[in-house]
Amino acid sequence: MTGAMRGKTAKPRGLAKAPLHVSDILAWADAYYRRTGKWPAQASGEIPESPADTWQLVGQNLRRGHRGLRGGSSLARFLALHRGRRNKGALPPLSRQQILSWADAHYKRTGRWPIALSGRIPDAPGETWAAVHDALTRGGRGLRGGSSLPRLLARYRGRRNHRALPRLTIKLILAWADAYYRRSGEWPIHSSGRIRATAFETWGSVDSALLAGRRGLRGKSSLARLLAEHRGKRNRMALPRLSQKQILTWADAHRRRTGKWPNTHTGAIPEAPGEKWTAIETSLTAGLRGLRPGSSVARLLAKYRGYRNPAALPRLTVRQILAWADAYRQRTGKWPSSRSGIIPGATGEMWSQVDACLSGGRRGLPRSRSLARLLAAR
């Protein structure tokens with residue numbers, strides 16, 4: 001048994017069989033390709049056309065030079081030589097010029113530069129962009145290594161390499177912002193698009209770098225904060241605190257200019273660039289920017305400036321209305337009607353409004369009356 005085992009070790013299966021011819025191996029390989037659509041490898045198993053042979057034995061004979069073969073080859077090299085099959089163990093050398101030529105052709109076809117995931121290279125059968133990227137990174141096939149496909153295209157074709165973006169500085173960003181302001185009259189924001197002075201930069205990418213602290217920047221900032229700090233631009237995400245005293249000062253200035261108190265539709269506040277009465281109203285109502293919620297411009301002016309607030313008019317009583325009517329009769333000798341106009345001594349009140357409140361049961365009065373009926377009954 002030991003001798004038998006030694007015999008098998010000395011003479012592996014198939015190494016001492018009938019001579020092999022190149023034409024036989026090629027005929028078997030062609031038949032395998034027709035059946036499977038692939039060329040055989042050493043692990044492809046038995047050969048139907050020669051049942052006593054396997055592709056592993058054929059490979060061993062090609063390498064060792066048994067059965068009439070020269071030796072020093074392999075199944076992969078054999079098929080590469082005679083059938084043009086790509087031999088991954090002996091790939092042709094690559095050059096920077098050749099890779100750039102393939103990249104240019106890819107750009108002409110697609111309008112984009114290739115990446116490692118761009119698949120096969122039509123101009124080089126068997127080559128893929130992943131294999132090219134790997135050779136550039138690790139070296140081999142005539143390349144030094146330490147590079148990559150994005151780095152190669154960035155250096156020789158000006159393609160933006162997202163993994164090696166140039167450093168940014170506050171001074172540079174402010175220079176771009178100043179140029180934007182001179183052109184448009186406004187400061188840039190996150191969605192302002194591409195930065196004209198650059199090939200690839202966008203205001204969105206600059207804002208992201210300021211926030212995340214990339215590309216040489218400290219982080220925890222933003223484009224809005226940067227422009228607020230260095231150019232005085234109003235930052236809507238970090239508005240200054242408000243106080244009732246400040247709002248009343250702006251309201252007094254508005255009344256001096258116009259003779260009227262401001263309301264939510266008054267617009268901008270000249271004494272506070274960037275502020276609007278609509279924003280003040282929102283802050284008073286919702287309790288933003290240091291203010292307590294539940295107020296409004298009208299309520300604030302009613303409380304501190306005696307402004308008549310149409311949304312919160314004082315309650316009326318029958319006794320008060322009758323007192324105003326008695327005073328009217330003493331002055332004119334007649335009783336008032338809904339057309340009698342303003343009520344002297346009652347700021348903002350008119351007889352038409354009193355009549356409407358009596359008829360509609362508003363401002364604390366009982367419904368289904370009118371001024372004429374009230375006076376007739378009393």
Side-chain angles (χ1 to χ4, degrees), residues 239-378:
L239 296 176
R241 292 173 67 86
L242 292 172
S243 68
Q244 290 185 349
K245 182 178 179 181
Q246 182 64 73
I247 297 170
L248 290 171
T249 300
W250 294 336
D252 292 336
H254 181 89
R255 183 172 172 82
R256 285 193 298 270
R257 284 194 309 273
T258 67
K260 298 179 180 180
W261 292 110
N263 56 52
T264 57
H265 305 292
T266 301
I269 304 175
E271 292 77 19
E275 295 286 2
K276 295 182 178 179
W277 285 107
T278 52
I280 301 299
E281 176 76 8
T282 300
S283 298
L284 285 165
T285 303
L288 306 175
R289 301 171 64 181
L291 298 171
R292 293 182 179 181
S295 185
S296 67
V297 174
R299 289 177 184 174
L300 188 69
L301 294 176
K303 183 176 181 179
Y304 293 101
R305 294 295 185 268
Y307 166 75
R308 184 176 174 81
N309 182 4
L313 296 176
R315 292 173 66 86
L316 292 174
T317 65
V318 170
R319 182 178 180 180
Q320 180 65 71
I321 296 171
L322 291 173
W324 291 338
D326 290 339
Y328 184 91
R329 182 176 173 81
Q330 289 173 2
R331 289 193 307 272
T332 65
K334 298 179 181 179
W335 292 109
S337 70
S338 61
R339 295 187 294 274
S340 294
I342 298 172
I343 303 175
T347 304
E349 298 290 357
M350 299 181 68
W351 287 111
S352 59
Q353 294 173 347
V354 170
D355 184 56
C357 290
L358 284 165
S359 300
R362 296 192 296 270
R363 297 175 64 182
L365 295 171
R367 195 173 182 180
S368 299
R369 286 193 177 189
S370 67
L371 180 59
R373 289 179 181 176
L374 178 66
L375 295 177
R378 297 301 177 98

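Values reported hereafter were calculated over all heavy atoms of this structure, with side chains retained and with hydrogens, waters and symmetry mates removed. The model shown is predicted, which means the values in this text are computed figures rather than measured ones.
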Novice: Any heavy-atom pair between the side chains of R257 and P270 that's under 4.5 Å?
Specialist: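 Heavy-atom side-chain distance check passes, below 4.5 Å.
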Novice: Give the intermediate values and the outcome of side chain to side chain contact (heavy atoms under 4.5 Å, CB included) for residues L291 and S295.
Specialist: CA-CA 9 Å; L291 298 171; S295 185; over 6 Å; no
Novice: If you count the non-hydrogen atoms of other residues, nucleotides and ligands that lie under 6.0 Å from CZ in R331, is the total more than 12?
Specialist: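 Enclosed: over 12 neighbouring heavy atoms sit under 6.0 Å from CZ of R331.
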Novice: Would you call V297 and W261 a side-chain contact if the rule is heavy atoms closer than 4.5 Å?
Specialist: no
Novice: So I321 and L365, do their side chains get closer than 4.5 Å, heavy atoms only?
Specialist: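 In contact.
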Novice: Do the non-hydrogen side-chain atoms of L316 and W324 ever get within less than 4.5 Å of each other?
Specialist: yes
Novice: Nearest 0.5 Å, what's the NZ-OH distance between K245 and Y304?
Specialist: 12.5 Å
Novice: Using a 4.5 Å cut-off on heavy atoms from C-beta on, say whether the side chain of W277 contacts that of T264.
Specialist: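 A side-chain contact under 4.5 Å is absent here.
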Novice: Looking at S337, is its backbone amide N or carbonyl O close enough to the side chain of S340 to form a donor-acceptor pair, meaning the two atoms are under 3.5 Å apart?
Specialist: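 At least one qualifying donor-acceptor pair exists.
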Novice: I need the minimum non-hydrogen distance between E275 and P240, along with the two atoms involved.
Specialist: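 Closest approach of E275 to P240, heavy atoms only: OE2-CG, 4.4 Å.
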Novice: Is the closest side-chain heavy-atom distance between L375 and P336 below 4.5 Å?
Specialist: yes
Novice: Would you give the length of the straight line joining atom CG of N263 to atom CD1 of I280, rounded to the nearest 0.5 angstrom?
Specialist: 13.5 Å
Novice: Determine, step by step, whether Q244 and L300 satisfy the side chain to side chain contact (heavy atoms under 4.5 Å, CB included) criterion, reporting the C-alpha distance in whole Å, the side-chain angles of both residues, the deciding distance to 0.1 Å, and the verdict.
Specialist: CA-CA 8 Å; Q244 290 185 349; L300 188 69; 3.7 Å; yes
Novice: On a heavy-atom basis, which atom in W351 and which in A325 lie closest, and how many Å separate them?
Specialist: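 Scanning both residues completely, I find the closest heavy atoms to be CH2-N, 3.6 Å.
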Novice: To the closest 0.5 Å, what do you measure between CG (D252) and CG (L301)?
Specialist: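 Going from CG on D252 over to CG on L301, the span is 8.5 Å.
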Novice: Atom CD1 in I342, atom CD in Q353: separation rounded to 0.5 Å?
Specialist: 9.5 Å
Novice: For a 4.5 angstrom cut-off between non-hydrogen side-chain atoms, does K276 reach I269?
Specialist: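 Result no, sub-4.5 Å side-chain heavy-atom pair not found.
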Novice: Using 0.5 Å steps for rounding, measure from the OG atom of S352 to the CG atom of L371.
Specialist: 10.0 Å
Novice: So does R339 have more than 12 non-hydrogen atoms from other groups sitting under 6.0 Å from CZ?
Specialist: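 At most 12 heavy atoms, drawn from other residues, nucleotides or ligands, come within 6.0 Å of this atom.
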Novice: Before giving the answer on side chain to side chain contact (heavy atoms under 4.5 Å, CB included), spell out for D326 and W335 the whole-Å C-alpha distance, their side-chain angles and the decisive distance to 0.1 Å.
Specialist: CA-CA 8 Å; D326 290 339; W335 292 109; 3.5 Å; yes
Novice: Would you give the length of the straight line joining atom CZ of R292 to atom OG of S283, rounded to the nearest 0.5 angstrom?
Specialist: 16.0 Å
Novice: Taking all atoms of both residues into account, what is the closest heavy-atom pair of G294 and R299, and its distance?
Specialist: O-NH1, 2.7 Å
Novice: Using a cut-off of 6.0 Å, state whether more than 12 heavy atoms not belonging to L322 lie near its atom CG.
Specialist: yes
Novice: Tell me whether E349 is salt-bridged to R363, with the criterion being a basic N under 4.0 Å from an acidic carboxylate O.
Specialist: yes
Novice: Of all heavy-atom pairs between S296 and E281, which one has the smallest distance, and what is that distance?
Specialist: CB-OE2, 3.4 Å
